[in-house]
Visitor: 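Have a look at this one before I ask anything.
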Amino acid sequence: MDNNFSGEDNDNIDWDTEDELEIQEIPDATFSSCTNLRNVGHNTVSGHGEASSSSVPCQSKLIQQFIVMGFPEESIAKAIEQNGENEGLVLDALLTFKQALEDSPEEQPSTSAQMEPSISSDDSSSQYNENFLVDVYEDDSWSSDSDNCMNSAKQSYLNDDNSSLSENENSLLFLANMGYPAEEASIAMERCGPEASFSELIDFMCAAQMAREEDVYLPEDEKPKLNSGGYKRKMYNELRVRKKQKAITDEEPIHLPRPMIGFGVPTESLPAIVQRTLPEQAIGPPFFYYENVALAPKGVWDTMSRFLYDIEPEFVDSKYFCATARKRGYIHNLPIEDRFPLLPLPPRTIHEAFPLTKKWWPSWDTRTKLNCLQTSIGSARLADRIRKAMKAMENFDDEPPLMVQKYVLDECRKWNLLWVGRNKVSPLETDEFEMLMGFPRNHTRGGGISRTDRYKSLGNAFQVDTVAYHLSVLKDLYPNGINVLSLFSGIGGAEVALYRLGIPLNNVVSVEIAEVNRNILRSWWEQTNQKGNLIDFNDIQQLNGDDLEQMINSFGGFDLVIGGSPCNNLTGSNRVTRDGLEGKDSSLFYDYVRIVDLVKSIMSNRRV
DNA sequence: TGAAACATGAGGTCCACG
DNA sequence: CGTGGACCTCATGTTTCA
């Protein structure tokens, strides 16, 4: 063990000496942009006299700053060599070097261990009724095959040049590809007219088909049929993309509003839009409510709006509802008059939410709200680096140097760290996530879910107070309760919001791919003694018109279709597969559209 | 082997400034 | 009106650990 460390030390020493020489030989041009550094340097070491000397070269000044802070000169040289003149990076590197040295077996950092114990390892207290574990969930390992199939289908379609075909021929071709007899398709086109939309044609054929063979439902078989269903669906989607894109080319792109309050929030006395006119196609039933990240790549919200009946998205930052920011866009056809917030109002600042942190909060950390809660948290090692940086700066009169302040504050913002002790920051605990997101305490706890998965599920959830505010208009409309189709349910943000609003949940059909999340929702459903029925599906891609029709027939239709599709190919946090709406997961948006379309058409056919 | 911990950066928006 | 910097983000892939 010790040999390894000593080996590394030797390496360090060698590099340091070389680096030192190199640094001294670096021409001034390398550090030509000195003005910024000079300003910072002046502020930083003003109490020590040296900074006023304008003859000191830039890099030396930078080194001097760090020497004043107590870092060894060799390490400073190495850090500058590796990171250039960026002070933040240099400081981070220095702290990392220091930590690497101190992590040797002799000295175990004692404080870093304090983060764990607050989570009790005793999860056995919860006694869950396992009756709900009906074996309806199947192994979904085949789904990647399905994806591949759809992707290649899409690719081949995109590669094909269908521009020579007329609109009618195109429609006919793809209706045929979707499995409709050419004869029926052509009749539908004749009857509905040349301007008929694709969904209208399908509606017509569905109605005709239902009229003919009311009692015949195709048996639900396994993989092959599902795969071909995905194939057809994708074709359908692609065609719609083309049709819709053609129609709208010169419209204004969607901009994010400032302040991000949508059509109004309860807590700000800011001008709110109190009325809006929905496009006729958009008007329910059913009501629908769609959510995703506001800061998606360019054009994504334009596309989503086009697919959801050209409704203008409502962009809202949850910082107007609670102590954490969450910038999201919502496309919905709900009324926007007479909304009301959930009571009690949640804490709206960090200090209100975490009173104990006030004592340790430095005056120069000016945060009053947390940033967006993500699916993972800052590391213990980072918290340790910050503690050491702060401790090292204690000899400064009142506040650490601006450079250190900036480093610490940047990391605190990035990882949503709280001050929980002297010089001590900590990431949020899981129950704090729950509280900030508006869920009951222990909502995600127990039942076999890991801590990592709890953070992930909570990071992907609705902010309940925000969504509840938008849904509050349903309370007067459905005094006897509602039927909800909840897509991408996650841990049940929509259900919790409706429940907390006091809207009875008669029938909830929940579609959620992750078993841990389905279990969480099922547990909540049982623990809150819901009177209604909770039916769950695991894969939205398997949910077809027959399923929906059966459910609609059995309880009379859905009042609300609600859900937020995966954002992981849209969010800026993703540096690997930020592929936009065509990304592997985020393309499930089109399934949301498909389901809304289907519910809409099935329900309108029933009314006729 | 699975869970936990860790390291990793681009893309967009906003705003001050020249 | 362009530019540069500050700021923010429902994450992913790899390594470490138990």
Side-chain angles (χ1 to χ4, degrees), chain A residues 33 35-36 39-40 86-89 92-93 96 99-100 103 112-113 115-116 119 121 123 253-260 290-301 315-319 324-330 366-367 369-385 406-407 409-416 427 430 433 436-437 439 448-464 466-467 488-491 493 514 516-517 563-580 583-586 588-589:
Chain A
S33 59
T35 48
N36 205 11
N39 288 338
V40 174
N86 184 315
E87 301 142 52
L89 293 178
D92 200 22
T96 310
Q99 184 153 30
D103 278 353
S112 62
M115 308 218 302
E116 293 303 326
I119 289 295
S121 59
D123 276 350
I254 291 172
H255 291 293
L256 298 179
R258 261 183 81 85
M260 199 181 277
Y290 173 79
E291 180 256 18
N292 215 318
V293 290
L295 284 80
K298 259 183 184 169
V300 164
W301 275 104
F315 293 102
V316 183
D317 189 337
S318 293
K319 74 177 180 183
T324 180
R326 201 167 184 83
K327 298 180 180 66
R328 295 292 179 270
Y330 306 89
T366 52
R367 292 176 296 159
K369 305 272 185 185
L370 292 166
N371 276 334
C372 183
L373 303 191
Q374 312 232 54
T375 56
S376 55
I377 57 167
S379 65
R381 197 169 292 178
L382 172 66
D384 198 39
R385 278 205 294 273
K406 182 172 162 22
Y407 164 76
L409 203 42
D410 282 351
E411 296 294 339
C412 285
R413 284 209 177 96
K414 184 173 176 184
W415 294 106
N416 272 330
T430 42
F433 259 54
L436 290 166
M437 297 293 284
F439 288 90
I449 187 173
S450 72
R451 252 167 79 81
T452 311
D453 282 345
R454 288 181 71 186
Y455 282 117
K456 189 174 171 191
S457 295
L458 284 160
N460 282 317
F462 284 162
Q463 205 288 322
V464 171
T466 311
V467 171
F488 313 103
S489 301
I491 56 175
V516 288
N517 289 343
S565 60
C567 71
N568 46 355
N569 304 124
L570 308 179
T571 172
S573 309
N574 188 345
R575 304 178 289 277
V576 184
T577 55
R578 197 185 188 192
D579 304 327
K584 182 173 172 294
D585 299 309
S586 293
L588 290 174
F589 162 75

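In what follows, every chain begins at residue 1, and chains take the letters A, B, ... in the order their sequences are listed. Predicted, not measured: the structure shown is a model, and the values here were computed from it.
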Visitor: Counting only side-chain heavy atoms from C-beta out, which of C:dA11, B:dG11, B:dC6 sits nearest to A:Arg578?
Guide: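 Selected nucleotide (nearest to the side chain): B:dG11.
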Visitor: Which nucleotide in the list B:dG9, B:dC14, B:dC6 gets nearest to the side chain of A:Lys414?
Guide: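 Looking only at heavy atoms from C-beta outward on A:Lys414, the closest nucleotide is B:dG9.
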Visitor: By nearest atom, which of the nucleotides C:dT12, C:dT9, B:dG11 is closest to the A:Asn568 side chain?
Guide: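 Of the candidates, C:dT12 comes closest.
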Visitor: What's the closest nucleotide to the side chain of A:Gln374 if the choices are B:dA3, C:dA11, C:dG13?
Guide: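 Of the options given, the side chain of A:Gln374 lies nearest C:dA11.
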Visitor: Which residue, A:Lys406 or A:Asn292, contacts DNA chain C at a nucleotide closer to its 5' end, judged by nearest heavy atom?
Guide: A:Lys406
Visitor: Quote, to the nearest angstrom, the P distance that separates C:dC10 from B:dT8.
Guide: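 Going atom to atom, P in each nucleotide, I get 22 Å.
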Visitor: Quick one: is A:Ser573 getting a side-chain N or O under 4.0 Å of the C:dA11 phosphate, OP1 or OP2?
Guide: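 Looking at the OP1 and OP2 atoms of C:dA11, one of them is under 4.0 Å from a side-chain N or O of A:Ser573.
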Visitor: Compare the minimum distances between each of B:dC14, C:dG13, B:dA7 and the side chain of A:Ser379, then state the nucleotide with the smallest one.
Guide: B:dA7
Visitor: Does A:Thr452 put a side-chain nitrogen or oxygen below 4.0 Å from OP1 or OP2 of B:dA4?
Guide: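 Affirmative; the distance criterion is met.
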Visitor: Name the closest nucleotide to the A:Arg413 side chain, picking from B:dC14, B:dT8, C:dC8.
Guide: C:dC8
Visitor: Answer yes or no: does a side-chain N or O of A:Arg258 lie under 4.0 Å from OP1 or OP2 of B:dC15?
Guide: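 Answer is yes, contact under 4.0 Å.
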Visitor: Take atom CD of A:Gln463 and atom C1' of C:dT9, then tell me their distance rounded to the nearest Å.
Guide: 17 Å
Visitor: For DNA chain C, whose closest nucleotide is more 5', that of A:Arg326 or that of A:Asp410?
Guide: A:Asp410
Visitor: What is the nucleic acid contact for A:Leu256, judged by heavy atoms within less than 4.0 Å: base, sugar-phosphate only, or nothing?
Guide: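 Sugar-phosphate contact only - A:Leu256 comes under 4.0 Å of backbone atoms but never of a base.
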Visitor: Tell me whether A:Ser457 contacts the main-chain N or O of A:Asp453 through its side chain, where contact means a donor paired with an acceptor under 3.5 Å.
Guide: yes
Visitor: Side chains of A:Tyr290 and A:Ser565: do they bring a donor and an acceptor to under 3.5 Å?
Guide: yes
